[in-house]
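Just the heavy atoms: all of them, side chains too, but no hydrogens, waters or symmetry mates, feed the values below. Numbering of ligands and ligand atoms starts at 1, following listing order.
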Amino acid sequence: MEEKKLTGRFYDIQGFSVHDGPGIRNTLFLKGCPLRCPWCHSPESQEFKVELNYMEIKCSGIEKCGKCIAACPEGAICKGTVKQSLTDESHYTVIAVDRDKCTECFKCTEVCSPKALYKCGTEYTVDEIIERVKKDIPFYKRSGGGVTISGGECLWQPQFTLEVLKRCKAEGIHTAVDTTGYVDWKFLEPVIPYTDLFLYDLKKMDSELHKRVIGVPNELIMENAKKIAAAGGKFQIRIPVIPVFNDSVKDFEAFGKFILELGDSVEVVQLLPYHNLGTVKWERLGRKGPVLEADPPSEELMQARKKQLEDMGLKVMIH
Ligand code: SF4
Ligand code: SF4
């Protein structure tokens, strides 16, 4: 009997990425996350299950098509709103999905040629991923880049992540793991020897508020960071700067104090200003949008928090 190949479940793969570690990278986005950040701009990363996405702008309208209505066994697809064509004066009616009736059988995705309805969540084997990322080795070499495994929480698919890291290292590729840190140590420890850099998120130092807002406490995250540092791992600490939640002087005093405890293992601290560009992705999944609705932090505030950490002796960059 043929052995079943190890696969990972992805919601995206981004080539030529320049925001997820040094140089030009392939970033592998795995599905499934234990956290529920209210500002999440990748809601498709949260659930491990494959989900139905509907991108309304791609629907050609039921007058011309309507195939999905006939294909849906649950009667979950109906007439949506009337839109004006972008190219002439005509109008057309897009569809709407009743998520309460939808069983995510994906039959509609099979008949939707413009891919307005599509599955979010694709399985790839380790071999398929390695073949793909190997093609960009010349770019990694020239730019000091490599491969970043991200999510969601990539260590919620621990075997797959470990195997991809091992194979990347065997090919001489620089590796980064973007993690929430909210992972059992038994899954984190084995990846350390194959990870050149941990992109490690810190969101709030007060554990009770961390739990109240994000859904989980932060002790495990702090503890794992210290263990990685003790084991010789290297960090790029990432702080999403979220209005009111974690942008005060007091918050940054606490961040700085903890980061200093990690010593030389921290190469740089990256501040990621909150933005509200992900709302449309929530609509595509038929979910209620992010709970947080706020303006992005001002440039002055970002510079002030950067300086605050620099004054504590840390190297800081703003994304
Ligand atoms: S099959 Fe696709 S393009 Fe056709 S009506 Fe349905 S969503 Fe629109
Ligand atoms: S995925 Fe949902 S909307 Fe699409 S055919 Fe199945 S039940 Fe209908």
Side-chain angles (χ1 to χ4, degrees), residues 4-15 27-125 128-129 132 150-154 156-157 160 215 276-291 293:
K4 194 175 177 312
K5 288 196 168 162
L6 183 61
T7 58
R9 184 173 291 168
F10 289 69
Y11 70 90
D12 200 7
I13 297 178
Q14 245 172 48
T27 304
L28 314 175
F29 292 97
L30 295 181
K31 226 165 149 18
C33 184
L35 273 50
R36 287 293 177 268
C37 304
W39 57 85
C40 181
H41 52 81
S42 303
E44 70 276 38
S45 72
Q46 293 183 339
E47 299 290 335
F48 177 70
K49 67 171 184 166
V50 180
E51 295 171 282
L52 178 68
N53 255 0
Y54 169 47
M55 209 187 283
E56 188 185 85
I57 198 162
K58 286 193 176 177
C59 175
S60 31
I62 58 174
E63 294 83 356
K64 272 196 201 158
C65 174
K67 288 180 192 162
C68 55
I69 296 179
C72 177
E74 308 296 334
I77 302 182
C78 55
K79 269 188 185 179
T81 50
V82 176
K83 305 275 172 193
Q84 172 153 10
S85 162
L86 293 175
T87 50
D88 56 40
E89 293 298 300
S90 67
H91 289 76
Y92 64 102
T93 314
V94 294
I95 59 114
V97 180
D98 182 339
R99 298 281 174 167
D100 290 334
K101 287 188 185 166
C102 174
T103 55
E104 297 197 322
C105 70
F106 303 113
K107 290 207 166 85
C108 54
T109 63
E110 291 162 19
V111 297
C112 182
S113 348
K115 303 230 173 299
L117 289 159
Y118 61 98
K119 275 184 187 179
C120 177
T122 310
E123 312 278 331
Y124 293 104
T125 65
E128 284 169 331
I129 290 300
R132 182 166 178 159
S150 181
E153 173 49 68
C154 60
W156 268 33
Q157 299 186 50
F160 179 82
N276 46 15
L277 302 175
T279 320
V280 70
K281 292 191 184 173
W282 291 78
E283 287 163 14
R284 282 180 205 160
L285 288 162
R287 287 202 227 135
K288 250 180 117 81
V291 187
E293 279 179 27

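For I57, the CD1 atom counts as loosely surrounded, since its 6.0 Å shell holds 12 or fewer non-hydrogen atoms of other residues, nucleotides or ligands.
Ligand-side atoms of ligand 1 in range of I95: 5 (S), 7 (S), range being under 4.0 angstrom from any heavy atom. Heavy-atom contacts of P114 reach the following atoms of ligand 1: 3 (S) (cutoff under 4.0 Å). Shown in contact with E74 at under 4.0 Å from a heavy atom are these atoms of ligand 2, numbered in order with element: 7 (S). When each atom of ligand 1 is checked for a heavy atom of C68 under 4.0 Å away, the hits are 1 (S), 5 (S), 6 (Fe), 7 (S). Listed by number with element, the atoms of ligand 2 under 4.0 angstrom from any heavy atom of C105 are 1 (S), 5 (S), 6 (Fe), 7 (S). Near C59, meaning under 4.0 Å from one of its heavy atoms, ligand 1 places the atoms 3 (S), 5 (S), 7 (S), 8 (Fe). The ligand atoms of ligand 1 that sit less than 4.0 angstrom from a heavy atom of S60 are 3 (S), 8 (Fe). Interface of I77 with ligand 2, defined as ligand atoms under 4.0 Å from a residue heavy atom, comprises 3 (S).
Between I77 and C108, the shortest heavy-atom distance links the atoms CD1-CB, 3.8 Å.
For atom 7 (S) of ligand 2, the closest heavy atom belonging to the protein is T103 N, 3.4 Å. For atom 4 (Fe) of ligand 1, the closest heavy atom belonging to the protein is C65 SG, 2.3 Å. Looking from atom 8 (Fe) of ligand 2 to the surrounding protein, the closest heavy atom is C72 SG, 2.3 Å. Looking at atom 1 (S) of ligand 2, its nearest protein heavy atom turns out to be F106 N, 3.2 Å.
Remark: L52 CG to Y118 OH distance equals 9.5 Å, nearest 0.5 Å.
A salt bridge is absent between R284 and E44: the closest approach of a Lys/Arg side-chain nitrogen to an acidic carboxylate oxygen does not fall below 4.0 angstrom. Using a 4.0 Å cut-off between charged nitrogen and carboxylate oxygen, R36 and E153 do not count as a salt-bridge pair.
Residues Y124 and L28 fail the side-chain proximity criterion, which asks for heavy atoms closer than 4.5 Å. Between E89 and Q84 there is a side-chain heavy-atom pair separated by less than 4.5 Å. The shortest side-chain heavy-atom distance between S42 and Y11 falls under the 4.5 Å cut-off.
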Check the pair I13 / T122 against side chain to side chain contact (heavy atoms under 4.5 Å, CB included), numbers first and verdict last. CA-CA 10 Å; I13 297 178; T122 310; over 6 Å; no

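The option with the heavy atom closest to atom 2 (Fe) of ligand 1, from among G66, C112, A70, is C112.
Atom 2 (Fe) of ligand 2 has an N, O or S atom of C102 under 2.8 Å away, backbone or side chain.
Only the backbone of E104 comes within contact range of ligand 2, with a heavy atom under 4.0 Å; no side-chain atom does.
Under the side-chain hydrogen bond (donor to acceptor under 3.5 Å, both in side chains) rule, E51 has a single partner from Q46, K119, K31, which is K31.
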